[in-house]
Amino acid sequence: IPFGTTVIHMEPTLVPLVAAEVRAHLARKRLSQVDFAAAVGISRAALSRKLAGDVPFTFGELVRVADHMGVALSALIASAEALDSEDVPA
């Protein structure tokens, strides 16, 4: 399997949280989906499905996303996990 198509097996609840973190980045930087998709090497339609949380990012895509965002992949995942912990009632 080529590197870019390897699917990360993450908790199903984490997929939409990673998507939310990437959407927040796009909003903060005022980046269009078209430009961001081109930068990470996927179609705008594919990015849209991934940002909706319908389809998970592959490992290679997440590496490119994190790189384009200027963060380590581990930091991107940690930010998504932090969103998950915010939803847990105290």
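Source: prediction; values computed, not measured.
Between atom NE2 of residue His68 and atom CG of residue Asp35 there is a gap of 8.0 Å, rounded to the nearest 0.5 Å. Note that CG of Leu73 is 11.5 Å distant from CZ of Phe57, once rounded to the nearest 0.5 Å. Distance check, rounded to the nearest 0.5 Å: CD of Gln33 to CZ of Arg23 gives 9.5 Å. Atom CZ of residue Arg49 and atom CG of residue Asp54 lie 8.5 Å apart, to the nearest 0.5 angstrom. Separation of atoms CE (Met69) and NE2 (His25) is listed at 5.0 Å; rounding is to 0.5 Å.
Taking 4.5 Å as the limit, every side-chain heavy atom of Val34 sits out of range of all side-chain heavy atoms of Leu47.
Between Gly53 and Val15, the shortest heavy-atom contact is O-CG1, 3.8 Å.
Panel note: side chain Ser79, backbone Ala75; a donor-acceptor pair is recorded below 3.5 Å. A donor-acceptor pair is defined here as one N or O able to donate and one able to accept, closer than 3.5 Å; such a pair exists between the side chain of Lys50 and the backbone of Pro56.
Leu26 and Ile42 fall within the same hydrophobic cluster, defined by Ile, Leu, Val, Met, Phe, Trp and Tyr side-chain heavy atoms under 4.5 Å apart, directly or through other members. In this structure, Val55 is not a member of the same hydrophobic cluster as Leu17, with clusters built from ILVMFWY side-chain heavy atoms closer than 4.5 Å.
With Glu21 as the fixed residue, the side chain to side chain contact (heavy atoms under 4.5 Å, CB included) test singles out one of Val71, Val65, Leu83: Leu83.
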Report the C-alpha distance between Ile77 and Leu14 in whole Å, list the side-chain angles of each, state the deciding distance to 0.1 Å, and finish with yes or no for side chain to side chain contact (heavy atoms under 4.5 Å, CB included).
CA-CA 8 Å; Ile77 300 299; Leu14 194 54; 4.1 Å; yes
Glu61 and Val40: CA distance, side-chain angles, deciding distance, side chain to side chain contact (heavy atoms under 4.5 Å, CB included) verdict
CA-CA 7 Å; Glu61 290 165 350; Val40 298; over 6 Å; no
